[in-house]
S.K.: 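Before I ask anything, here is the structure I am working with.
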Amino acid sequence: MSFPLLTATAAVPAIGAIATAAVPAAKRTAAKWLALFFSLVTLALAAVVMIRFNTGSGADRYQLTESHSWIADFGVRYELGVDGIGVALIALTALLIPFIIVAGWHDADPQETGNTRWRPTQGFFALILMVEAMVILSFEATDVFLFYILFEAMLIPMYFLIGGFGDRAHSGSDQNAAAQRSYAAVKFLLYNLVGGLIMLAAVIGLYVVAGTFSLTEIAELRAAGDLEMATNTERLLFLGFFFAFAVKAPLWPLHTWLPNAMGEATAPVAVLITAVVDKVGTFAMLRFCLQLFPEASQWATPAILVLALISIVYGALLAVGQRDIKRLVAYASISHFGFIIMGIFAMTTQGQSGATLYMVNHGISTAALMLVAGFLISRRGSRLIADYGGVQKVAPVLAGTFLIGSLATLSLPGLAPFVSEFLVLVGTFSRYPVIGIIATIGIVLGALYSLVLYQRTMTGPVKVDAVKMPDLKLRELLVVGPLIVLLVFLGVYPKPVTELVDPAVKHTLSDVYGDENPDPEPEVAAK
């Protein structure tokens with residue numbers, strides 16, 4: 001029996017979570033190093049997955065597969081496999097978690113939080129590792145029921161991370177801050193639970209129709225013509241799946257939980273939400289919605305593109321008007337997720353390749369900007385933009401990294417998000433030119449909110465409270481530096497990611513269109 005590499009990639013952080021939680025209360029530093037160690041081992045395993053994955057022509061769609069009977073009476077299997085899209089997102093997750101851990105090194109220390117009873121450092125890092133394990137396994141699951149369990153289970157540790165370890169930079173009293181954290185955590189949980197319950201009904205309906213939860217078996221039944229699914233049934237099942245994924249993504253108008261959650265969470269947890277957990281929603285649209293329900297996907301495309309377009313413009317407009325740094329990044333992320341979903345449902349090679357690349361690049365760019373913003377906020381103790389000014393004169397390295405993060409957010413050419421945004425727009429314009437043209441408004445607004453944020457916080461006269469603000473420390477530079485290097489590298493040379501995801505994109509489009517060529521100008525993707 002071959003080594004179960006995919007299981008190991010998810011099992012290592014799960015074991016790390018248990019080991020970290022078991023560290024004695026007095027050994028907080030040991031717990032941090034243990035969590036970091038397990039996250040680095042997971043990163044090494046993710047690198048092995050990338051190396052072992054075959055992108056050559058004729059390679060299997062799902063590779064490194066594992067399949068074991070789990071709940072035999074209901075046809076549920078522990079079935080894993082990865083395509084290029086899954087591999088890219090596993091790598092992104094494994095890459096970001098060590099930075100999240102180092103960035104949050106002191107976020108749960110008792111002397112920092114002022115509470116030694118119910119906020120143990122061990123619990124904070126154990127919850128982060130548990131989220132990593134569930135997210136990675138969700139990118140690997142090819143059994144629909146297994147994916148559903150993971151999709152819902154990851155809400156539990158995230159709920160405690162948001163509600164139990166919130167941001168200490170709050171303008172109100174401690175009691176008000178706790179109430180706001182509780183509200184944000186409950187809102188996050190309720191929104192996603194409702195989406196999950198609707199998805200559960202669709203999962204059961206799929207089993208009634210197909211007789212199996214396995215993606216590969218459903219594909220074989222469809223190819224053999226043995227899968228009979230009425231049009232209305234397929235559309236209803238599609239809507240059940242899509243609703244849950246649109247909440248997780250998040251897509252307008254199901255987005256309102258995100259600004260609250262990111263605003264009240266610590267900066268590392270905010271990165272975990274939008275750069276890691278939310279990617280499960282957009283990934284699932286590609287893997288499950290399009291593959292399981294091809295006709296319904298085409299039927300729903302016009303409406304979804306309109307919703308994505310609203311997300312792009314609406315999120316960017318609200319970002320322009322924000323006074324809170326973290327909520328600005330949250331609304332900017334809603335706009336970016338609109339681009340990702342638009343690329344997915346443009347149903348072109350360029351659009352879906354760009355959307356997948358956008359998931360990776362958005363994760364890196366948002367992590368860079370939000371973590372630097374977290375370092376800034378921890379120095380001043382305020383999330384309000386108006387409380388800053390002239391920071392570049394007293395902390396030039398902090399200001400420089402903040403500028404690069406802001407420029408990446410507006411998709412400046414030469415930085416990673418530009419390539420993915422360009423591909424999404426090209427892929428959309430080739431089939432839906434009006435949608436593509438209107439979406440460019442989001443680019444203009446992105447430049448506005450990013451540059452205004454930098455101008456108001458970093459330039460101008462130095463505010464009194466910022467005169468003695470220290471620059472980035474070594475630990476903080478070790479967090480931000482590699483992310484900036486990645487932004488530049490993938491902005492100049494995105495080929496490693498595009499080569500990885502292109503075969504999976506072609507398989508997905510083949511699921512939707514069969515042998516028909518969906519690309520009006522396929523040669524654009526090749527270039």
S.K.: Might you point out which heavy atoms bring Ala267 and Lys326 nearest each other, and give the distance in Å?
M.R.: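 Residues Ala267 and Lys326, closest heavy atoms: N-NZ, 4.0 Å.
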
S.K.: State which residues pass salt bridge (charged side-chain N to carboxylate O under 4.0 Å, His left out) with Glu220; sequence neighbours excluded, sorted by chain then number.
M.R.: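 Partners of Glu220 under the salt bridge (charged side-chain N to carboxylate O under 4.0 Å, His left out) test: none.
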
S.K.: For Phe429, look at atom CZ and say whether over 12 heavy atoms of other residues, nucleotides or ligands are found less than 6.0 Å away.
M.R.: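 Check fails, neighbour count at 12 or below.
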
S.K.: For the residue pair Thr508 and Gln352, confirm or rule out a side-chain donor-acceptor distance under 3.5 Å.
M.R.: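 There is no such pair between these side chains.
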
S.K.: Rounded to the nearest 0.5 Å, what separates atom OG1 in Thr233 from atom CG in Leu206?
M.R.: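 So the OG1 of Thr233 and the CG of Leu206 are separated by 11.5 Å.
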
S.K.: Are Arg235 and Glu295 close enough for a salt bridge, meaning some N to O gap below 4.0 Å?
M.R.: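 Salt bridge: yes.
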
S.K.: Indicate every side-chain donor-acceptor pair of residues 188-199 with a distance under 3.5 Å to a residue at least two apart or in another chain.
M.R.:
residue	atom	partner	partner atom	Å
Tyr191	OH	Thr256	OG1	2.7
Asn192	ND2	Phe188	O	2.8

S.K.: Salt bridge check, Arg77 against Asp143: does any charged N sit closer than 4.0 Å to a carboxylate O?
M.R.: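 Between Arg77 and Asp143 there is no salt bridge, as every charged N stays at least 4.0 Å from the carboxylate O atoms.
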
S.K.: Excluding sequence neighbours, so at least two apart, what forms salt bridge (charged side-chain N to carboxylate O under 4.0 Å, His left out) with Asp83?
M.R.: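 Here the qualifying residues are Arg287.
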
S.K.: Side-chain contact, heavy-atom cut-off 4.5 Å: Arg327 with Gln322?
M.R.: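 Yes; the side chains approach each other to less than 4.5 Å.
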
S.K.: Would you check if the distance from the ring center of Phe160 to the ring center of Phe124 is below 6.0 Å?
M.R.: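 No, the ring centres sit 6.0 Å or more apart.
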
S.K.: Listed by chain and number, what are the ring pair (Phe, Tyr, Trp, His ring centres under 6.0 Å) partners of Tyr449, not counting sequence neighbours?
M.R.: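 With sequence neighbours excluded, Tyr449 shows a ring pair (Phe, Tyr, Trp, His ring centres under 6.0 Å) to no residue whatsoever.
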
S.K.: Please enumerate all residues that pass ring pair (Phe, Tyr, Trp, His ring centres under 6.0 Å) together with Tyr62, with sequence neighbours excluded.
M.R.: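 For Tyr62, no residue satisfies ring pair (Phe, Tyr, Trp, His ring centres under 6.0 Å) once neighbours in sequence are set aside.
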
S.K.: Verify whether one side chain among Ser214 and Thr216 offers a donor that lies under 3.5 Å from an acceptor in the other.
M.R.: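 Yes.
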
S.K.: After noting the C-alpha distance and the side-chain angles of Phe288 and Leu292, does the key distance pass the side-chain contact (heavy atoms from CB on, under 4.5 Å) rule?
M.R.: CA-CA 5 Å; Phe288 297 101; Leu292 292 173; 4.1 Å; yes

S.K.: Using a strict cut-off of less than 4.0 Å between a Lys/Arg side-chain nitrogen and an Asp/Glu carboxylate oxygen, indicate whether Arg222 and Glu217 qualify as a salt bridge.
M.R.: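 No, this pair does not count.
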
S.K.: Do Tyr432 and Val434 have side chains that get closer than 4.5 Å, going by heavy atoms?
M.R.: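 No, their side chains stay 4.5 Å or more apart.
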
S.K.: Near Lys187 NZ, under 6.0 Å, is it more than 12 heavy atoms from other residues, nucleotides or ligands?
M.R.: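 Enclosed.
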
S.K.: Identify which one of Phe151, Phe283, Phe147 satisfies the ring-ring contact (aromatic ring centres under 6.0 Å, His included) criterion when paired with Phe139.
M.R.: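 For Phe139, the ring-ring contact (aromatic ring centres under 6.0 Å, His included) check succeeds only for Phe283.
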
S.K.: Output a table of donor-acceptor pairs, distance under 3.5 Å, between side-chain atoms of residues 328-337 and any protein atom two or more places apart or on a different chain; print 'none' if there are none.
M.R.:
residue	atom	partner	partner atom	Å
Ser333	OG	Thr274	OG1	3.4
Ser333	OG	Val329	O	3.1
Ser333	OG	His362	NE2	3.3
Ser335	OG	Ile312	O	2.8
His336	ND1	Ala332	O	3.3
His336	NE2	Thr409	O	3.2

S.K.: Between Asn361 and Phe418, is a side-chain contact (heavy atoms from CB on, under 4.5 Å) present by the stated rule, with each step listed?
M.R.: CA-CA 9 Å; Asn361 292 338; Phe418 169 77; over 6 Å; no

S.K.: Using 30° and 60° as the class limits, which term best fits the ring planes of Phe145 and Tyr148: parallel, tilted or perpendicular?
M.R.: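 Rings of Phe145 and Tyr148: tilted, as their planes differ by 30° to 60°.
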
S.K.: Before you tell me yes or no, could you show the steps for Met342 and Leu425 under side-chain contact (heavy atoms from CB on, under 4.5 Å), namely the whole-Å CA-CA distance, both residues' side-chain angles and the distance that decides it to 0.1 Å?
M.R.: CA-CA 9 Å; Met342 185 176 74; Leu425 288 172; 4.0 Å; yes

